[in-house]
Each structure stands twice: as C-alpha cells, then as structure tokens.
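The residues of the chain are indexed from 1 along the displayed sequence. It should be emphasised that the depicted structure is a prediction, and the values quoted were computed from it without experimental measurement.
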Amino acid sequence: MRIRIVDAFTDRPFAGNPAGVLLLDAFPDDDRLQKVALEVNHAETAFAHRLPEGGEADWALRWFTPVAEVAMCGHATLATAHVLATTGAHQGPVRFATRSGVHIATPREDGSITLDFPTAPLTEVGVPDGVAEALGAEPRTAFDTGPNVGDLLVELADEKTVRGLTPDHKALAAYSSRGIIATARAEAPSRGYDFVSRCFFPNVGIDEDPVTGSAHTALAPYWSARLGSAELTGLQASPRSGRVRTELRDDRTLLSGRAVTVIEGDLLA
C-alpha cells in the first residue's frame with residue numbers, strides 16, 4: 001500500500017497538522033486499520049477507497065487516531081482531498097462517505113481546498129466542577145458540541161491565556177467524549193485571524209492536536225454569533241500552528257486551508 005504523510009491547514013512543510021493518507025481498493029478489517037494508524041502515530045490516519053459510480057459519494061473515508069476510530073476529522077479529510085487532487089486519482093469536487101455523513105471537498109484555483117461539514121450543535125452547559133483546575137484557567141462559558149465533535153468548548157479570558165495553557169491532560173479526560181476546545185477572541189485581528197484555539201483530546205490518545213478542522217465546526221458558529229460575521233479565520237495556537245478559514249452556510253460549515261505532502265513511500269507490512 002502506498003502511504004503519504006500530509007501537513008494540513010498550512011502552506012509549508014513541518015507546520016499545520018500531519019495526517020497519514022492511504023488510498024485502498026477496499027477497507028481491510030478494523031484491527032488492521034487500527035494497527036496501521038498506531039504505526040503512523042499521527043493525530044489521524046485516513047483510509048479511503050473509490051466507490052461505484054452513480055452513488056451519493058465518490059470515495060469512502062474513515063479516520064483513525066493511534067487508539068480509536070473517530071466520527072469526523074477535518075485535517076485528514078483535507079489531506080486526503082489534497083492527495084486525490086495532486087496524484088490525479090480524482091479531479092474536481094470529491095464526495096466522501098463517512099460515519100458522520102457525506103462531506104464534500106472542493107479544490108480552489110488558489111491551491112486551497114474547501115471542506116463542507118455539518119455545523120456542530122452548541123448547547124450551553126454549566127462549567128463542570130474541576131475543569132478550571134484541570135485546564136489551568138477559569139472558563140467564562142462552556143458548551144457541549146454534539147456527537148460528531150464530542151468536545152467541551154470553553155471560552156477563556158483572552159488570547160494570552162489560551163496560548164499559555166499547560167493543562168493536566170489526564171484530568172481533562174473526564175469532561176467529554178473526546179476532549180476540550182479552549183478558545184478566545186484574537187488580541188489583534190489585524191494579524192489576520194479573528195479567534196484563537198487550542199485542542200486537547202486525551203480520550204483519543206492526543207494530548208494536543210496541532211490543527212483541528214472538526215473543532216472549527218463548533219468554533220465557527222460560536223464566534224460568528226459573537227463577532228457578527230459568517231466568514232472568519234481561526235488560528236490554532238499549537239506549537240505547529242495553522243489557520244482555518246470558516247464560513248457558515250445554514251447548517252453547514254465551510255472549512256478552507258492548504259496542504260503539503262512531505263513523505264511518500266510504501267507500507268510493506
């Protein structure tokens with residue numbers, strides 16, 4: 001099997017969020033997929049195979065962290081669409097059949113790719129006891145992000161607080177099915193982004209995810225309501241960092257970014 005490592009939501013190597021991408025003839029058993037994802041050992045590895053013509057989707061797509069399959073992943077979808085476009089395996093918009101529905105990825109003339117994902121339903125909840133201690137900062141608000149995302153979204157006081165977080169990852173595992181999205185308004189929007197975030201996902205084996213497309217399906221409606229704009233840019237302020245352009249369209253969120261292939265080789269086992 002041919003395997004590629006792609007940095008997503010970035011225009012340069014060794015930034016953004018790396019994902020493994022494997023284009024297959026069919027999916028092997030789940031244990032095999034999980035072992036490959038553990039070997040790749042990135043936040044997500046994407047497995048895709050072509051579907052028969054005439055259906056509602058062009059390719060089937062699944063995503064695995066090193067320890068679990070997930071229902072939705074933005075950066076590995078972007079990485080897969082990038083591989084399909086750059087290798088000629090698929091031209092133009094591609095429809096992916098996934099556990100969370102059919103998602104469309106559209107290559108743009110400027111080299112970016114736009115993902116069409118379902119917008120996360122946000123439900124305000126009380127800040128759970130112990131979250132402030134586990135995170136190392138006091139949340140202003142907290143929201144459940146629904147089953148596809150599976151995180152607790154918390155707004156913190158400011159960008160400096162988000163950037164300075166050093167959480168207790170083990171303690172964070174108690175508060176949602178996947179993890180915590182910490183966010184704040186950008187200190188200086190003139191720098192080209194409207195809000196910042198960091199994502200901690202201990203329940204799927206990822207202490208901190210570098211750039212999380214799925215989290216932006218929750219961040220986009222949250223900040224669009226706060227800032228009064230359907231189109232925004234988010235900066236995920238992890239050590240690798242990356243930017244995600246967001247646009248709300250009814251119950252869908254468009255996520256746009258670039259990707260770079262950094263490694264290509266053969267999986268021999």
- Residue pair Thr45, Leu22: steps toward the side chain to side chain contact (heavy atoms under 4.5 Å, CB included) verdict: CA-CA 8 Å; Thr45 298; Leu22 292 93; 3.6 Å; yes
- Side-chain ion pair, Arg62 and Glu69, N-O less than 4.0 Å: yes
- Task: Give a yes or no on whether Phe200 and Val70 share a hydrophobic cluster (residues Ile, Leu, Val, Met, Phe, Trp, Tyr; joining criterion: side-chain heavy atoms under 4.5 Å apart).
- Result: no
- Between Asn148 and Ala120, is there a donor-acceptor pair closer than 3.5 Å when you use the side chain of the first and the backbone of the second? no
- Message: Test your reading of the model: is there a side-chain donor-acceptor pair from Thr10 to the backbone of Gly242, 3.5 Å cut-off?
- Response: no
- Task: Take atom CG of Asp29 as the centre, draw a 6.0 Å sphere, and report whether it contains more than 12 heavy atoms from other residues, nucleotides or ligands.
- Result: yes
- Message: One pair to check against side chain to side chain contact (heavy atoms under 4.5 Å, CB included): Val102 and Asp116. What are the steps and the verdict?
- Response: CA-CA 9 Å; Val102 174; Asp116 182 335; over 6 Å; no
- Below 4.0 angstrom, N of the basic side chain to O of the carboxylate: do Arg2 and Asp266 qualify? yes
- Message: Run Leu84 and Phe96 through side chain to side chain contact (heavy atoms under 4.5 Å, CB included) and show every step you take.
- Response: CA-CA 12 Å; Leu84 292 176; Phe96 292 114; 3.8 Å; yes
- Atom CG in Leu152, atom CG in Asp144: separation rounded to 0.5 Å? 7.5 Å
- Task: For Arg4 and Thr261, indicate whether the former's side chain and the latter's backbone hold a donor-acceptor pair under 3.5 Å.
- Result: no
- Tell me, yes or no, whether the heavy-atom count around Glu264 atom CD, taken from other residues, nucleotides or ligands under 6.0 Å, exceeds 12. yes
- Query: Is there a side-chain contact between His82 and Val21 (heavy atoms, below 4.5 Å)?
  - Reply: no
- Item | Within one Ile-Leu-Val-Met-Phe-Trp-Tyr cluster: Phe27 and Met72, side-chain cutoff 4.5 Å | no
- Message: Test side chain to side chain donor-acceptor pair (under 3.5 Å) on His216 and Thr253; report intermediate values, then the result.
- Response: CA-CA 8 Å; His216 283 76; Thr253 296; over 6 Å; no
- Message: Could you walk me through whether Tyr222 and Thr141 satisfy the side chain to side chain donor-acceptor pair (under 3.5 Å) test, starting with their C-alpha distance in whole Å, then the side-chain angles of each, then the deciding distance to 0.1 Å, before giving a yes or no?
- Response: CA-CA 11 Å; Tyr222 182 78; Thr141 57; 3.2 Å; yes
- Go through Glu159 and Tyr193 one step at a time and tell me if the side chain to side chain contact (heavy atoms under 4.5 Å, CB included) criterion holds. CA-CA 11 Å; Glu159 179 176 335; Tyr193 56 92; 2.8 Å; yes
- From Ile3 atom CD1 to Ile263 atom CD1, the distance as rounded to the nearest 0.5 Å: 9.0 Å
- Using atom types as modelled and distance alone, determine if a side-chain donor or acceptor of Glu39 lies under 3.5 Å from a backbone N or O of Gln34. no
- Message: Testing the 3.5 Å rule here: is there a donor-acceptor pair between the side chains of Trp63 and Thr77?
- Response: yes
- Task: Apply the side-chain hydrogen bond (donor to acceptor under 3.5 Å, both in side chains) test between Asn17 and each candidate in Glu44, His75, Gln236, His42; give the one that qualifies.
- Result: His75
- Is any side-chain heavy atom of Leu122 less than 4.5 Å from a side-chain heavy atom of Pro221? yes
- Query: Is it true that a side-chain atom of Ser238 and a backbone atom of Pro210 form a donor plus acceptor pair closer than 3.5 Å?
  - Reply: yes
- Taking Thr217 for the side chain and Thr119 for the main chain, is one N or O donor matched with an acceptor at less than 3.5 Å? no
- Roughly how far apart are Leu156 CG and Ser197 OG, rounded to 0.5 Å? 11.0 Å
- Query: So is Arg178 actually on top of Phe201's ring, under 6.0 Å and inside 45° of the axis?
  - Reply: yes
- Task: For residues Pro13 and Val262, report the shortest heavy-atom separation together with the two atoms involved.
- Result: CB-CG1, 3.6 Å
- Query: Any side-chain donor-acceptor pair under 3.5 Å between Thr246 and Trp223?
  - Reply: no
- Query: Is the backbone N or O of Lys170 less than 3.5 Å from a side-chain atom of Asp168, with the two atoms forming a donor-acceptor pair by type?
  - Reply: yes
- Ignoring hydrogens and geometry, is there a side-chain-to-backbone donor-acceptor pair from Arg50 to Leu23 under 3.5 Å? no
- Item | Same apolar cluster (I L V M F W Y, side chains within < 4.5 Å links), Phe117/Ile113 | yes
- Rounded to the nearest 0.5 Å, what's the gap from CG on Asp194 to CZ on Arg243? Could you check? 10.0 Å
- What distance separates Thr233 OG1 from Arg245 CZ, expressed to the nearest 0.5 Å? 7.0 Å
- Considering residues, nucleotides and ligands other than Arg252, do more than 12 of their heavy atoms fall under 6.0 Å from its CZ? yes
- Query: Linking I/L/V/M/F/W/Y whenever their side-chain heavy atoms sit closer than 4.5 Å, directly or via other members, would Val149 and Phe195 fall into one cluster?
  - Reply: yes
- Item | In one Ile/Leu/Val/Met/Phe/Trp/Tyr side-chain cluster, 4.5 Å: Leu33, Leu267 | yes
- Say you draw a straight line from CG of Leu219 to CG of Leu153; how long is it, rounded to the nearest 0.5 Å? 5.5 Å
- Give a yes or no on whether the backbone of Ser229 and the side-chain of Ser224 come within a donor-acceptor separation of less than 3.5 Å. yes
- Item | Donor-acceptor under 3.5 Å (Thr212 side chain, Ser214 main chain) | no
- Query: Does a side-chain heavy-atom distance below 4.5 Å link Glu208 with Pro167?
  - Reply: no
- Message: What I want to find out is whether Arg249 reaches Glu247 closely enough, with some N-O distance under 4.0 Å, to be called a salt bridge.
- Response: yes
- More than 12 heavy atoms of other residues, nucleotides or ligands under 6.0 Å from CD of Glu56: is that the case? no
